[in-house]
Amino acid sequence: MKRIAIFASGRGSNAKKIIEYFKNKPDVQISLIVSNKATAAVLDLAKTHQIPSSVINRQDFYKTETHLEVLKSKQIDLIVLAGFLWLIPSYLTTAYPQKIINIHPALLPKFGGKGMYGQHVHQAVFDAKETTSGITVHFVNEQYDEGAVILQATCALNDNDTPSDIAKKVLSLEHHYFPVAVEKVLMDME
Ligand code: GRF
């Protein structure tokens, strides 16, 4: 049995896809949902699926290792960042080497780094007149968007695509490929 913790700050549409993907797979359990926002929709998702959840605050997350104890007590094997905006502290990257993964809504190394999240990414892709965009699933280290790439998938853009059209195309790639990438990482861990 492999146990996953999903960290998410927002609406949780990727978290939902991952939960649904593993629902009927007995060897994988989504054991914890962690959010840094008490009002995040992803916490409602946790309730709906009866998954334990916890809300973290900045002080505890960066100044203590309390949260590591929670992850250990739940025997978490893999941490999946699905729209989690805080930088991961070194006590977590050290405790979970190559066991924390993130999804970024662009083709890294382009359009990554601090401040490159959500609509900012798609606006930058639009401004640069890119003809393709896509997703990058990657391991997490202590820098934003810099760990080794696990998977990329691309979509074609055309001249009429607005930043929100780009966002839609990219999100649909995320929903399709992220659960598959999570499963691949779990299989490689065995
Ligand atoms: C996704 O676009 C993901 O690439 C980024 O944050 C967004 C999360 O969306 N890291 P959702 O909350 O899963 O809908």
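Whatever order the structure lists them in is the order used to number ligands and atoms, beginning at 1.
The side-chain hydrogen bond (donor to acceptor under 3.5 Å, both in side chains) with T93 is formed by just one residue from the set K99, Q98, E142; it is E142.
In this structure, K168 NZ and C155 SG are separated by 13.0 Å, a value rounded to the nearest 0.5 Å. A distance of 6.0 Å separates CG in N14 from CZ in F178, rounded to the nearest 0.5 Å.
Residues P105 and I135 form no side-chain contact, since every pair of their non-hydrogen atoms from C-beta on lies 4.5 Å or further apart.
In terms of heavy atoms, A82 sits closest to A8 at O-CB, 3.2 Å.
Taking all heavy atoms of S9, G10, G12 into account, the minimum distance to atom 12 (O) of ligand 1 is reached by G12. Here the shortest heavy-atom distance to atom 9 (O) of ligand 1, taken over M116, E174, R11, K17, belongs to R11.
In terms of protein heavy atoms, atom 10 (N) of ligand 1 is closest to I103 O, 2.9 Å. Ranking protein heavy atoms by distance to atom 7 (C) of ligand 1, first place goes to G83 CA, 4.1 Å.
Per-residue contacts place S13 under 4.0 angstrom from the following atoms of ligand 1 (heavy atoms of the residue considered): 11 (P), 12 (O), 13 (O), 14 (O).
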